[in-house]
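Residues take their numbers from the sequence shown, with the count starting at 1.
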Amino acid sequence: MISILKRNNWFWTKVIVFCSLAIPMGLVLYETVILGKNSVVFLGDFHPDVGMVVMIYYIILLLVGVIWVILQLKSLLKLKNENKKNELLHLQSQVNPHFFFNMLNNLYGMVDKDTAKSKALILKLSDLMRYSIYEGEKSSVTLEEEVAYLKNYIELHKMRYHKEIDIKFNYEIKDDKTTVMPLLFIILVENAFKHGVENLRQDAFVHINLRSNNDGITFTVENNYDIDELPTEIGIGLKNLERRLTLAYPKKYQLHVSRDTSVYKAHLELQQ
């Protein structure tokens with residue numbers, strides 16, 4: 001599409017240049033060849049009627065040029081929006097595949113040992129996958145829908161672990177019509193389980209807080225971790241999240257990640 005747009009731009013540029021030169025050159029030829037004038041011809045040297053025709057012609061040409069520029073700008077803006085939308089969809093499609101893959105592996109080993117629990121996990125997993133596939137393609141969902149998705153995710157983790165975990169999810173939504181980009185918070189929650197709970201044998205915790213009011217949305221995740229297991233570089237998930245935030249909430253978000261010797265904290269603020 002970009003190459004087609006470039007070819008069209010080049011074609012119409014040549015047309016405009018040709019039109020801007022064709023009539024003046026024709027008039028010059030008319031004055032010099034037909035009327036026998038030998039001097040260089042300026043607009044003021046033409047017959048008044050001819051000069052008026054030239055002025056009207058250039059006014060029309062100017063209007064056509066302005067309209068053409070506006071149409072090109074609209075085309076470029078539309079193309080930019082389409083590219084932005086496609087990139088967001090691509091980024092959102094990358095959010096959960098490795099989590100689902102790990103869950104399916106866990107279920108495979110659990111089916112023969114605990115059939116009832118395996119069935120419950122499969123139902124939870126199907127709910128998560130349904131949300132990721134159908135709601136994940138939308139530009140926005142209600143904040144309550146996103147909270148329900150997070151609750152399902154947390155419940156699934158509670159069911160699959162065989163150790164005590166201190167999990168708290170506190171949320172307060174002032175307006176049930178508040179919307180947010182789908183699958184926005186899950187990366188921060190997933191990191192808390194992946195880099196915290198997964199590597200701790202005991203006393204693991206994940207504390208999640210979400211607040212929504214007229215000013216915006218605040219989302220915080222805290223978890224403890226094993227300092228020897230924490231990755232030293234920013235993961236693909238966080239890079240993915242930052243890119244999505246930049247595209248969907250330009251200059252309307254703040255994402256801060258901090259850690260001390262035992263606690264990792266991610267804090268996200270969105271302006272409405």
Check whether any side-chain heavy atom of [X] lies under 4.5 Å from a side-chain heavy atom of [Y], and answer yes or no.
X      : Y      : answer
Phe169 : Val206 : no
Asn209 : Glu172 : no
Ile208 : Phe219 : yes
Val221 : Tyr264 : no
Val263 : Asn223 : no
Val147 : Leu210 : yes
Ser258 : Lys265 : yes
Ser262 : Asp260 : yes

Quick one: pull up [atom1] in [X] and [atom2] in [Y] and give me the separation to the nearest 0.5 Å.
X      : Y      : atom1 : atom2 : answer
Leu184 : Ile217 : CG    : CD1   : 8.0 Å
Glu190 : Glu198 : CD    : CD    : 9.5 Å
Ile122 : Thr115 : CD1   : OG1   : 9.5 Å
Leu238 : Leu255 : CG    : CG    : 7.0 Å
His267 : Glu222 : NE2   : CD    : 10.5 Å
Thr142 : Glu135 : OG1   : CD    : 8.5 Å

Minimum heavy-atom distance [X]-[Y], with the two atoms named:
X      : Y      : result
Phe185 : Leu143 : CE1-CD1, 3.9 Å
Tyr253 : Thr246 : OH-OG1, 3.2 Å
Leu245 : Met181 : N-CE, 4.5 Å
Ile187 : Arg244 : CD1-NH1, 4.3 Å
Pro182 : Ser139 : CD-O, 3.7 Å
Asp175 : Thr178 : O-OG1, 2.9 Å

Does atom [atom1] of [X] have more than 12 heavy-atom neighbours, drawn from other residues, nucleotides or ligands, at distances under 6.0 Å?
X      : atom1 : result
Lys158 : NZ    : yes
Lys163 : NZ    : yes
Lys119 : NZ    : no

Handout entry: Worked verdict on Lys239 versus Glu242 for salt bridge (charged side-chain N to carboxylate O under 4.0 Å, His left out)
Key = CA-CA 5 Å; Lys239 291 179 180 178; Glu242 288 192 87; over 6 Å; no
We want to know whether [X] and [Y] form a side-chain donor-acceptor pair, criterion being a heavy-atom distance below 3.5 angstrom.
X      : Y      : answer
His157 : Glu155 : no
Asn213 : Lys174 : no
Asn170 : His207 : no
Ser212 : Tyr171 : no
Tyr131 : Glu146 : yes

Practice task
Check the pair Thr179, Val141 against side-chain contact (heavy atoms from CB on, under 4.5 Å), reporting the backbone distance first and the verdict last.
Solution key: CA-CA 5 Å; Thr179 59; Val141 295; over 6 Å; no
Practice task
Please step through side-chain contact (heavy atoms from CB on, under 4.5 Å) for the pair Leu128 and Tyr149, ending with a clear verdict.
Solution key: CA-CA 7 Å; Leu128 291 176; Tyr149 174 74; 3.4 Å; yes
Is there a path from [X] to [Y] through hydrophobic residues (I, L, V, M, F, W, Y) whose side chains come within less than 4.5 Å of each other?
X      : Y      : value
Leu125 : Val111 : no
Tyr225 : Ile165 : yes
Met159 : Val197 : yes

Practice task
Look at the rings of Phe193 and Tyr153 and say which category their plane angle falls in: under 30° parallel, 30 to 60° tilted, over 60° perpendicular.
Solution key: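 Plane angle over 60°, so perpendicular.
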Exercise for the section: Show your working on salt bridge (charged side-chain N to carboxylate O under 4.0 Å, His left out) between Asp127 and Lys124 and close with a plain yes or no. Expected result: CA-CA 5 Å; Asp127 287 339; Lys124 287 288 184 184; 5.7 Å; no
Practice task
Indicate yes or no for a side-chain donor-acceptor contact from Asn224 to the backbone of Asp203 under 3.5 Å, with no hydrogens or angles considered.
Solution key: yes
